Amino acid sequence: KAGVTQTPRYLIKTRGQQVTLSCSPISGHRSVSWYQQTPGQGLQFLFEYFSETQRNKGNFPGRFSGRQFSNSRSEMNVSTLELGDSALYLCASSLGTAIMNTEAFFGQGTRLTVV
Amino acid sequence: AQSVTQLGSHVSVSEGALVLLRCNYSSSVPPYLFWYVQYPNQGLQLLLKYTTGATLVKGINGFEAEFKKSETSFHLTKPSAHMSDAAEYFCAVSKNDMRFGAGTRLTVKP
C-alpha cells in the first residue's frame, strides 16, 4: 500500500511569506503528526491531529498551524516566514494517537528554505 | 515531562564490528520506546519498538535493543556492522506525544 506522501518535496520561500505543506497519510490511518528537523535543534514535535482534532501541540509559536481533513489528509501552515524556519518538515501517520502508541510511518519530508 | 538523551552524536565503527548506540530516557512512568533510522534525504524508518513484555526487542536489519528500567536505558546494538548501516539513528519515547533524541550519526569504515 502507498506510504505517507508529502508535497512538495522542496520549497523556497522569501521571508515574510507564508507556506502550506501537505501530508497524505497511509490509507486507514487517522493520526497525523508533524515534526521540524534542523541540524541545530534536531527533531521537534509540532502537533498531532487525530480525526480532525488537534490532540497535542509542541512548543512552537502561533505562526505554525495545522489542520486535518475528513479524509485524514493534513496541512501545515507557517505564516510570516523567518530564516530560522528553514528545515525539513516531516509528517508521520499512524492508526492511533501517540497515547495509543502505535507505530508511526514517516514521509520523506518537505525541505523548506527561507531566503 | 519525558526526554531522551542519546550519548554520542557521532559513532564510527569498522565493518564487522559491534554497533552500540546509547539512549537514556527520563520519564515519570516507563514510556514506550522506539529506535528509528534515517538515511540521507529520507524520512524516518522504524527499526524496533518496546511497549510491554520482553525487554529484549529484535528489530529489522539485525538490530536489537534492551529496555533496562533500572538504568532508564534503551541501547541499540548490532553484532556486526555493515556498510549499509551508515545512517542517522534516533531514539524516541512516547507517552502523550513522541519525543526524539538528538540523533547519532553512524559511520561504518571498510
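Given the structure is predicted, the values throughout are model-derived calculations rather than measurements. In what follows, chains are A, B, ... by sequence order, proteins preceding strands, each numbered from 1.
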Q: Among residues two or more places apart or on two chains, list those pairs meeting disulfide bond (SG atoms under 2.5 Å apart) that have a residue in residues 47-87 of chain A.
A: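 Matches after skipping sequence neighbours: none remain.
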Q: How long is the span from the OH atom in Tyr36(B) to the CD atom in Glu103(A), to the nearest 0.5 Å?
A: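 With rounding to 0.5 Å, OH (Tyr36(B)) is 6.0 Å from CD (Glu103(A)).
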Q: Side chain, backbone, both or neither: which part of Ala104(A) has an atom under 4.5 Å from a heavy atom of chain B?
A: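 Both backbone and side chain of Ala104(A) come within 4.5 Å of chain B.
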Q: What heavy-atom pair brings Gln37(A) and Phe90(B) nearest, and what distance separates the two atoms?
A: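 Answer, listing the atom of Gln37(A) first, then Phe90(B): NE2-CZ, 3.3 Å.
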Q: Got Gln38(B) and Leu88(A) here, is their nearest side-chain heavy-atom distance under 4.5 Å?
A: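 Yes; the side chains approach each other to less than 4.5 Å.
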Q: For Asn59(A), is the CG atom crowded, meaning more than 12 foreign heavy atoms sit under 6.0 Å from it?
A: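 Check fails, neighbour count at 12 or below.
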Q: Select one option (side chain, backbone, both, neither) describing which atoms of Glu88(B) are under 4.5 Å from chain A's heavy atoms.
A: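 Neither the backbone nor the side chain of Glu88(B) comes within 4.5 Å of chain A.
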Q: For a quick test of reading the model, state the closest non-hydrogen atom pair linking Tyr35(A) to Met98(B) and the distance between them.
A: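 So the two residues come closest at OH-CB, 3.3 Å.
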Q: In Å, rounded to the nearest 0.5 Å, how long is the span from CG of Leu46(B) to CZ of Phe106(A)?
A: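 That separation rounds to 9.0 Å.
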Q: Gly42(A), Gly109(A), Gly107(A): which one forms the most heavy-atom pairs within less than 4.5 Å of chain B?
A: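 Between Gly42(A), Gly109(A), Gly107(A), the count favours Gly107(A).
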Q: Check this for me: Arg9(A), atom CZ, are more than 12 non-hydrogen atoms of other residues, nucleotides or ligands nearer than 6.0 Å?
A: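 Check passes, neighbour count above 12.
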Q: For Lys58(B), I'd like to know if atom NZ has over 12 heavy atoms of other residues, nucleotides or ligands within 6.0 Å.
A: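 Open.
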Q: Check this for me: Arg73(A), atom CZ, are more than 12 non-hydrogen atoms of other residues, nucleotides or ligands nearer than 6.0 Å?
A: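 Atom CZ in Arg73(A) is crowded, with more than 12 foreign heavy atoms closer than 6.0 Å.
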Q: Got a sec, which residues hit side-chain hydrogen bond (donor to acceptor under 3.5 Å, both in side chains) with Gln17(A), two or more places apart in sequence or on another chain?
A: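 With neighbours one apart ignored, the set is empty.
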